[in-house]
Q: 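Handing you a structure now.
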Amino acid sequence: MYELRKLLDRFWVTREGDPALYFELKRAQPEYGRFVSEALGWSLIINESVVKLEKTPPRAMPWMGIAGFQDPLDYCLFCAVLLWLADLDDGEQFLLSALTESVEAYLSETRPVDWTRFSDRKALVRVLRYTEQVQLLRAYDGDKEGFAANRSQEVLYENTGLSRNYPVHFGQDVLHCRSPEDFEQLEREGEAAGRGWQRRKRVYQQLALCPALYWSETDRSDYDYIKNQSRGVAANLEAFLGGELQLHKNGAFLVFGENESCGMAYPDDRVISDAALLLCAQLREQIRDGVYPRGPDDRVAMSRPQFQQELRRFREQYAAGLGQELRKLLPERFCETMTAYLSEWMLLEDCGETIRLCPAVGKWGGAFPDGWQKKTGGQNGSLANE
């Protein structure tokens, strides 16, 4: 049951890595395959090696990158590694030095690399770590992390043959695309051409992948679709993902029950997630008291100094319950960390000198039990969701 949820949680499922789940997903494909193609508009790849759901989003967001990558160079190196693996036979072994020579040649005209620079070698180590994690290659002998410190370090790798299944198949010419916005424009052109299924696809994709689906007063097409088709949308989401559709005048959310999750979940069990819940409750109280007025779209605009002041007040009040990692951050770094986290989860929009709180701030919130500071002796409390 809810096999599709297991594909949303993973990049793919390989026969070698998890044979039981691989065959379970393969057997259940007739049950969820139609929903994937007709509602989500995604491609489902099932072959003798892998089951992969190509989860292309309706719009790009910062958190959608590869978590272990830190720089655009990482992505350039990864593309070069994919090109290298594509020329190898399944099971073919190779040395790291052969790979670095080819990667250097692939990128010579677009993003030259210099293996004498520590930053470039460290970037390749991150890429190879991820490549091994998703089972594109295996390391047999040598120090996999050693190349960062010593460019003469050798490692013996083996090509698994899965690299040919890694690239996304867009089904149309994308050679002219140079930015995420270019890919999104392709979708908008399809919708403008009268293909109404594009809107349905966008709505389902947003609900399946993202923390929220918002609309504005000037563009309410998504709201109109969900409102008119709410029963069908809710039934499909419950049947295939097990979540509950919650519809408000300013946004829609796919919410799961206690101890259930799908993909990346908020709130999770990290302290920063608890902190975000507490901050939402504080901000909601300020909004209710009229300190910060709501706009027509239920978003709340604040100046950056105002938001930083709220974070300082929040930190002073809950310092004992924030955990050592957040407590030891300098005030400026604490503000940056919290702002980035809230932005990733669509709780706010960072617009430079203006911070816009999103409707989800009014939906999520948390509080420590009464007397938590006394009971914990100033240590971390146990957070209770509101």
Side-chain angles (χ1 to χ4, degrees), residues 1-10 24-46 51-61 64 170-171 183-184 186-266 297-298 345-346 358-360 362-364:
M1 189 176 184
Y2 304 139
E3 287 82 6
L4 183 57
R5 222 158 70 178
K6 298 171 184 176
L7 282 173
L8 284 175
D9 287 341
R10 299 162 174 82
E24 177 186 347
L25 293 169
K26 194 171 182 178
R27 286 192 300 268
Q29 186 273 336
E31 300 175 14
Y32 61 83
R34 183 176 177 182
F35 175 73
V36 167
S37 61
E38 295 185 0
L40 292 166
W42 288 334
S43 297
L44 182 64
I45 297 174
I46 300 179
V51 178
K52 178 191 176 188
L53 181 63
E54 296 194 329
K55 302 176 281 290
T56 51
R59 58 183 60 87
M61 300 185 68
M64 291 179 175
F170 290 97
F183 287 93
E184 294 168 12
L186 290 178
E187 299 295 327
R188 288 193 291 269
E189 290 172 357
E191 187 172 348
R195 291 151 58 183
W197 60 271
Q198 290 283 0
R199 181 174 61 173
R200 179 182 69 229
K201 180 181 70 173
R202 183 179 67 239
V203 166
Y204 275 105
Q205 288 177 357
Q206 185 78 8
L207 289 170
L209 290 179
C210 302
L213 191 161
Y214 297 129
W215 45 81
S216 66
E217 291 299 311
T218 57
D219 183 5
R220 298 174 63 84
S221 60
D222 291 349
Y223 171 75
D224 292 337
Y225 177 82
I226 296 179
K227 182 180 179 181
N228 295 331
Q229 305 292 331
S230 59
R231 288 189 178 182
V233 173
N236 283 331
L237 292 173
E238 197 284 327
F240 294 101
L241 297 178
E244 175 190 354
L245 175 67
Q246 295 188 4
L247 180 62
H248 302 271
K249 69 175 184 178
N250 46 37
F253 306 84
L254 179 59
V255 179
F256 293 88
E258 189 173 355
N259 298 323
E260 290 188 328
S261 65
C262 178
M264 296 175 63
Y266 172 81
D297 58 356
D298 262 4
W345 285 105
M346 300 178 71
C358 297
K363 183 174 182 62
W364 311 118

Q: So, Glu3 side chain and Glu24 main chain: donor-acceptor pair closer than 3.5 Å or not?
A: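 A pair under 3.5 Å: no.
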
Q: What's the spacing between Gln29 CD and Leu44 CG if we round to 0.5 Å?
A: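 If we round to the nearest 0.5 Å, Gln29:CD and Leu44:CG are 5.5 Å apart.
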
Q: Calculate, to the nearest 0.5 Å, the distance between atoms CG and CZ belonging to Asp224 and Arg199 respectively.
A: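 Separation between the atoms: 6.5 Å.
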
Q: What distance do Cys210 atom SG and Phe253 atom CZ have between them, rounded to the nearest 0.5 Å?
A: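 Those atoms lie 12.0 Å apart.
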
Q: Within this structure, what is the CD-CG distance for the pair Gln246 and Leu207, rounded to the nearest 0.5 Å?
A: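 If we round to the nearest 0.5 Å, Gln246:CD and Leu207:CG are 11.5 Å apart.
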
Q: Ignoring hydrogens and angles, tell me if any N or O in the side chain of Tyr214 forms a donor-acceptor pair with the backbone of Met346 under 3.5 Å.
A: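 Judged by distance alone, yes, a pair lies under 3.5 Å.
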
Q: Report the relative orientation of the aromatic rings in Phe240 and Phe35; use parallel for angles under 30°, tilted for 30 to 60°, perpendicular for over 60°.
A: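 Ring orientation of Phe240 relative to Phe35: parallel.
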
Q: Between Arg27 and Pro30, which heavy-atom pair has the shortest distance, and what is it?
A: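 Taking Arg27 first and Pro30 second, the nearest heavy atoms are O-CD, 3.3 Å.
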
Q: What distance separates Leu209 CG from Met61 CE, expressed to the nearest 0.5 Å?
A: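 One finds 10.5 Å between CG of Leu209 and CE of Met61.
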
Q: Compare all side-chain heavy atoms of Leu4 with those of Leu53 and state whether any distance is below 4.5 angstrom.
A: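 With C-beta onward as the side chain, the pair touches.
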
Q: Indicate the atoms forming the closest heavy-atom contact of Lys201 with Leu40, along with that distance.
A: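 Where Lys201 meets Leu40 most closely, the heavy atoms are CG-O, 2.9 Å.
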
Q: List the steps and the verdict of side-chain contact (heavy atoms from CB on, under 4.5 Å) for Phe183 and Thr56.
A: CA-CA 10 Å; Phe183 287 93; Thr56 51; over 6 Å; no

Q: Does Lys55 reach the main-chain N or O of Leu7 with its side chain, forming a donor-acceptor pair under 3.5 Å?
A: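 The answer is yes, because a donor-acceptor pair under 3.5 Å joins these two groups.
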
Q: Main chain of Pro57, side chain of Trp42: is a donor-acceptor contact present, judged purely on distance under 3.5 Å?
A: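 Side chain of Trp42 to backbone of Pro57, a donor-acceptor pair under 3.5 Å: no, none is there.
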
Q: Would Leu247 and Val233 count as a side-chain contact (heavy atoms from CB on, under 4.5 Å) here? Give the steps.
A: CA-CA 11 Å; Leu247 180 62; Val233 173; over 6 Å; no

Q: Is it true that a side-chain atom of Arg200 and a backbone atom of Glu38 form a donor plus acceptor pair closer than 3.5 Å?
A: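 Checking the backbone N and O of Glu38 against the side chain of Arg200, a donor-acceptor pair under 3.5 Å is found.
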
Q: For Pro211 and Trp345, work out which heavy atoms get closest and say how close.
A: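 Looking at all heavy atoms of both residues, the shortest contact is CG-CE3, 3.2 Å.
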
Q: Would you check if the side chain of Tyr32 reaches a backbone N or O of Leu241 as a donor-acceptor pair within less than 3.5 Å?
A: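 Between the backbone of Leu241 and the side chain of Tyr32 there is no qualifying donor-acceptor contact (under 3.5 Å).
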
Q: Where do Ser221 and Arg202 come nearest, in terms of heavy atoms and distance?
A: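 Looks like OG-NH2, 3.6 Å.
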
Q: Tell me whether Glu238 contacts the main-chain N or O of Glu244 through its side chain, where contact means a donor paired with an acceptor under 3.5 Å.
A: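 No.
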
Q: Please round to the nearest 0.5 Å and tell me the distance separating atom CD of Gln229 and atom CG of Leu245.
A: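 Reported value, rounded in 0.5 Å steps: 12.0 Å.
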
